[in-house]
Amino acid sequence: MTAGVANLTEFTRAAVLAAVRAFDPFDAANDPHGEHDFSVVAVAPVRKFWKIDAYYRMVTFASLKAGNPAVTIQVLTVMLAEEW
């Protein structure tokens with residue numbers, strides 16, 4: 001999580017993380033490439049974004065094989081919209 005999310009109250013931070021965990025309504029409008037790697041959750045008065053980046057296991061470059069766990073790790077980042 002980014003510093004902005006870490007600085008939220010414990011209650012709000014827990015609600016944001018629960019909303020990210022529960023997010024499932026991907027469709028053509030919010031996931032045009034079918035990657036399921038970015039979305040917006042609205043918790044409290046501020047929008048939060050989450051995204052998943054895929055890196056080669058040495059975490060030095062973006063992975064071109066995002067679906068292959070033998071060579072790729074995925075990193076989830078949760079941030080305030082203004083931190084994007």
Asker: Side-chain heavy atoms nearer than 4.5 Å, only ILVMFWY residues, links allowed to pass through others: does that put I52 and V71 together?
Answerer: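 Different clusters.
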
Asker: Taking all non-hydrogen atoms of both residues into account, name the closest pair between A62 and Y56 and its distance.
Answerer: O-CE1, 3.4 Å

Asker: Can you list the residues that meet the salt bridge (Lys or Arg N to Asp or Glu O under 4.0 Å) rule with K65, with sequence neighbours excluded?
Answerer: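 Partners of K65 by the salt bridge (Lys or Arg N to Asp or Glu O under 4.0 Å) criterion come out as none, since no residue qualifies.
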
Asker: Any side-chain hydrogen bond (donor to acceptor under 3.5 Å, both in side chains) involving residues 28-38? Give me the pairs, sequence neighbours left out, ordered by first then second residue.
Answerer: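 Non-adjacent pairs meeting side-chain hydrogen bond (donor to acceptor under 3.5 Å, both in side chains): D31-H36.
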
Asker: If Ile, Leu, Val, Met, Phe, Trp and Tyr residues are connected whenever their side-chain heavy atoms lie under 4.5 Å apart, and connections chain through other members, are Y55 and L76 in the same group?
Answerer: no

Asker: Tell me whether R13 contacts the main-chain N or O of L8 through its side chain, where contact means a donor paired with an acceptor under 3.5 Å.
Answerer: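 Yes: the side chain of R13 pairs with the backbone of L8.
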
Asker: Let me see the working for V20 and K48 under side chain to side chain contact (heavy atoms under 4.5 Å, CB included), right down to the final yes or no.
Answerer: CA-CA 9 Å; V20 169; K48 284 74 172 175; over 6 Å; no

Asker: Under the side chain to side chain donor-acceptor pair (under 3.5 Å) test, which residues partner S63, sequence neighbours left out?
Answerer: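 For S63 the side chain to side chain donor-acceptor pair (under 3.5 Å) partners, ignoring immediate neighbours, are T72.
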
Asker: Do W50 and T77 touch side chain to side chain, with heavy atoms closer than 4.5 Å?
Answerer: no

Asker: Mark yes when over 12 heavy atoms from residues, nucleotides or ligands other than E82 sit less than 6.0 Å from its CD; otherwise mark no.
Answerer: yes

Asker: Tell me whether F61 is reachable from V75 by hopping between hydrophobic residues (I, L, V, M, F, W, Y) whose side-chain heavy atoms are closer than 4.5 Å.
Answerer: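 V75 does not cluster with F61.
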
Asker: Using a cut-off of 6.0 Å, state whether more than 12 heavy atoms not belonging to R57 lie near its atom CZ.
Answerer: yes

Asker: What's the shortest heavy-atom distance between L17 and V78, and which atoms?
Answerer: CD2-CG2, 4.1 Å

Asker: Verify, without hydrogens or angle tests, whether E83 (side chain) and G4 (backbone) share a donor-acceptor contact under 3.5 angstrom.
Answerer: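 The answer is yes, because a donor-acceptor pair under 3.5 Å joins these two groups.
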
Asker: Are F49 and F38 close enough that their ring centers fall under 6.0 Å?
Answerer: yes

Asker: Are the side chains of T12 and V5 in touch, meaning some heavy atoms are under 4.5 Å apart?
Answerer: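 Not touching, per the 4.5 Å side-chain cut-off.
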
